[in-house]
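Single-structure report; data block below.
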Amino acid sequence: QEQLVESGGGSVQAGGSLRLSCAATGFAFSSPCMAWFRQGPGKEREGVAGFGRYGLTRYADSGKGRFTISKDIRKNTLYLQMNSLLPEDTAMYYCAASRGSCSSSGTLSKADYLYWGQGTQVTVSS
């Protein structure tokens, strides 16, 4: 049974940092695309950062230079290091795994993702 469980969210002031974790079970971890999404109040869910098949990463413009995605294959855990946080980063953050094998470049389109965690809340105050 595939399962994704996020942790690490919280409340920080602008300029602060958080590291999110996503523990994945039941997956052949290296096969699907893995990514972080977020959904702010009244907004659509959007891709933040993701891995392609061979470890290539891609980032949404909103997080470039501030967010870093990484993974520990032995622990089957995905991470998102977020630095220089802004109030507009306030959102529920979700870990996701794609249906089937991943392309080399990966994807940040939510339609390509089948499995979702329950989310972890990030709140950034000014």
Side-chain angles (χ1 to χ4, degrees):
Q1 185 76 22
E2 297 87 355
Q3 188 176 21
L4 300 168
V5 180
E6 303 97 332
S7 61
S11 297
V12 297
Q13 290 192 326
S17 298
L18 284 171
R19 188 175 84 152
L20 307 183
S21 299
C22 171
T25 56
F27 294 92
F29 193 72
S30 61
S31 295
C33 290
M34 300 292 295
W36 288 97
F37 285 76
R38 69 184 183 185
Q39 188 165 13
K43 297 182 180 180
E44 293 284 325
R45 190 169 298 190
E46 62 178 2
V48 175
F51 272 107
R53 183 175 179 83
Y54 301 112
L56 294 177
T57 56
R58 63 190 305 160
Y59 295 90
D61 288 344
S62 58
K64 284 181 180 177
R66 300 187 299 125
F67 294 177
T68 303
I69 190 171
S70 62
K71 59 184 175 180
D72 186 330
I73 293 176
R74 290 174 299 175
K75 295 181 179 179
N76 269 7
T77 301
L78 188 71
Y79 302 99
L80 184 67
Q81 178 68 44
M82 304 187 294
N83 298 326
S84 302
L85 283 162
L86 304 169
E88 48 263 46
D89 294 320
T90 294
M92 185 72 79
Y93 283 71
Y94 298 91
C95 175
S98 67
R99 60 186 81 228
S101 298
C102 190
S103 66
S104 58
S105 59
T107 171
L108 290 181
S109 171
K110 62 184 179 183
D112 293 324
Y113 288 83
L114 178 62
Y115 305 99
W116 297 87
Q118 83 289 348
T120 186
Q121 178 67 38
V122 171
T123 302
V124 185
S125 59
S126 58

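Each residue takes its place number in the sequence, starting with 1.
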### Message
For R53 and S103: C-alpha separation, side-chain torsions, deciding distance, then whether side chain to side chain contact (heavy atoms under 4.5 Å, CB included) applies.
### Response
CA-CA 5 Å; R53 183 175 179 83; S103 66; 6.0 Å; no
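- S98 and D112 are not linked by any side-chain donor-acceptor pair at a separation below 3.5 angstrom, with hydrogens and angles left out of the test.
- In this structure, R45 contributes its side chain and K110 its backbone to no donor-acceptor pair below 3.5 Å.
- Within the 3.5 Å criterion, the main-chain N or O of K75 finds a donor-acceptor partner in the side chain of T77.
- With sequence neighbours excluded, the residues forming a side-chain contact (heavy atoms from CB on, under 4.5 Å) with L86 are R66, E88, D89, listed by chain and number.
- Scanning for side-chain contact (heavy atoms from CB on, under 4.5 Å) contacts around T123 gives S11, T90, Q121, with sequence neighbours left out.
- For the atom pair NZ of K71 and OG1 of T57, the computed distance is 10.0 Å after rounding to the nearest 0.5 Å.
- Residue pairs meeting the ring-ring contact (aromatic ring centres under 6.0 Å, His included) criterion with at least one member in residues 75-114, sequence neighbours excluded, are F37-Y113.
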### Task
Take V48 and F67 through the test side chain to side chain contact (heavy atoms under 4.5 Å, CB included) and record every step on the way to the result.
CA-CA 8 Å; V48 175; F67 294 177; 3.4 Å; yes
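- Residue pairs that meet the disulfide (SG to SG under 2.5 Å) test with at least one member in residues 45-77, sequence neighbours left out, do not exist here.
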#### Entry: Worked verdict on L78 versus L4 for side chain to side chain contact (heavy atoms under 4.5 Å, CB included)
CA-CA 10 Å; L78 188 71; L4 300 168; over 6 Å; no
### Task
Go through the steps for L85 and L18 under the test side chain to side chain contact (heavy atoms under 4.5 Å, CB included), then give the verdict.
CA-CA 8 Å; L85 283 162; L18 284 171; 4.2 Å; yes
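- Taking SG from C33 and CG from L114, the interatomic distance works out to 12.5 Å, rounded to the nearest 0.5 Å.
- Shown here are the ring-ring contact (aromatic ring centres under 6.0 Å, His included) partners of Y59, two or more places apart in sequence or in another chain: there are none.
- Taking 4.5 Å as the limit, every side-chain heavy atom of L56 sits out of range of all side-chain heavy atoms of F51.
- Residues forming a side-chain contact (heavy atoms from CB on, under 4.5 Å) with S17 (at least two apart in sequence, or on another chain): Q81, N83.
- Panel note: side chain E6, backbone C95; a donor-acceptor pair is recorded below 3.5 Å.
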